[in-house]
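Notes follow the structure.
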Number of protein chains: 2
Amino acid sequence: MGINAVFEALSHPVRREILQLLRGGPMSAGALAEHFTLSKPTLSVHFAKLKEAELVAVERQGTSLIYHLNMSILEEALSGLMSFREPKP
Amino acid sequence: MGINAVFEALSHPVRREILQLLRGGPMSAGALAEHFTLSKPTLSVHFAKLKEAELVAVERQGTSLIYHLNMSILEEALSGLMSFREPKP
DNA sequence: GCCTTATTTAGTGTTTTCTCTAATTAGAGT
DNA sequence: ACTCTAATTAGAGAAAACACTAAATAAGGC
């Protein structure tokens, strides 16, 4: 369930760019959307996929939803890829 | 072009499992196919995507095609993910 | 309670992915 | 040349992904 969703989420360039943007710190959905020419609903669907993969977490702040990176899942995916480098046990 | 194809290739569980199998050393298309319940043509399409992403390389040996891991591309994708861990420059 | 702002959910059409079976290519041996 | 094995390419259909516009939800200020 988990690892599949993570790699599926990472497969789209827009979603990877969203993660890049979040490296600079938490951002609202609207602020993120301004960096793309896509419509807000389209971006919202991308956010949902990143959230489903737990690559990002959401927190409400007034009327805004603030997204931020979830490092631990990223580390997990990372170490999964890392294991390719070691000879099979 | 390159990085997109790599993440696209990594997005399918079967293709990730193919890479896992290749960790044990080079294998022929047929030998790889035996590890799955999918048809050989289907697997062949997965091989093609991995090859397009340059995650694997092919070499003919008689009537067989031998696939093996291309570490350098894997390292590249890896360090690309790694950069998420560092604060933005 | 009503209006505004921020964002998501619903509905729709198009494009892409994934799988299959059938046909084709490539090399090796007789 | 013929045949066998190994693997790919071609064609087709079902399922999923992606983008849009329009409608719904949630919180805050008047």
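Naming convention: chains lettered A, B, ... in sequence-line order (proteins, then strands); numbering from 1 in each chain. Here the structure is a predicted model, which is why all the values come from computation and not from measurement.
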Earlier contact from the 5' end, DNA chain D, for A/His12 and B/Leu43: B/Leu43
5' to 3', nucleotides 22-30 of chain D under a 4.0 Å protein heavy-atom cut-off (B base, S sugar-phosphate only, - none) gives B----BS--
So, does A/His46 get its side chain near the phosphate of D/dA19, meaning an N or O under 4.0 Å from OP1 or OP2? yes
Is B/Ser39 close enough to C/dT19 that one of its side-chain N or O atoms is under 4.0 Å from OP1 or OP2 there? no
Quickly work out the B/Ile18 CD1 to D/dA7 P distance and round it to whole Å. 13 Å
B/Ile66 CD1 - C/dA26 P separation (whole Å): 18 Å
What I'd like to find out is whether the side chain of B/Leu22 reaches to under 4.5 Å of the side chain of B/Val56, using heavy atoms alone. yes
For A/Lys40 and C/dT5, give me the distance from atom NZ to atom C1', rounded to whole Å. 9 Å
May I ask whether A/Leu21 and A/Leu19 are part of the same hydrophobic cluster, defined by side-chain heavy atoms of I, L, V, M, F, W, Y residues being less than 4.5 angstrom apart, directly or through others? yes
C/dC18, OP1 or OP2 - any side-chain N/O from B/Lys49 closer than 4.0 Å? yes
Beyond-backbone contact of A/Leu55 with A/Ile73, side-chain heavy atoms, under 4.5 angstrom: yes
Hphob cluster co-occupancy, B/Val45 + B/Leu32, side-chain heavy atoms under 4.5 angstrom: no
Please report the distance, rounded to the nearest Å, between CZ in B/Phe36 and P in D/dA7. 14 Å
Measure from CG on A/Leu38 to P on D/dC18 and round the result to the nearest Å. 11 Å
Would you say C/dT9 has OP1 or OP2 under 4.0 Å from some side-chain N or O of A/Ser44? no
Is the shortest side-chain N/O distance from B/Ser64 to OP1 or OP2 of D/dA7 below 4.0 Å? yes
Whole-Å distance separating the CD atom of A/Glu17 from the C1' atom of D/dC18: 16 Å
Taking only side-chain nitrogens and oxygens of B/Tyr67, does any of them come within less than 4.0 Å of OP1 or OP2 of D/dT8? yes
Between atom CD in A/Glu59 and atom P in C/dA6, what is the gap in whole Å? 18 Å
Cluster link B/Ile66 to B/Leu43, ILVMFWY, side chain under 4.5 Å: no
Taking the side chain as every heavy atom from C-beta outward, state whether A/Glu8 and A/Glu52 have any pair of such atoms under 4.5 Å apart. no
CA sep, side-chain torsions, deciding dist, call: B/Phe7, A/Arg16, side chain to side chain contact (heavy atoms under 4.5 Å, CB included): CA-CA 10 Å; B/Phe7 280 106; A/Arg16 291 199 302 277; 3.3 Å; yes
Could you state the atom-to-atom distance from NZ of B/Lys51 to C1' of D/dT9 in whole Å? 11 Å
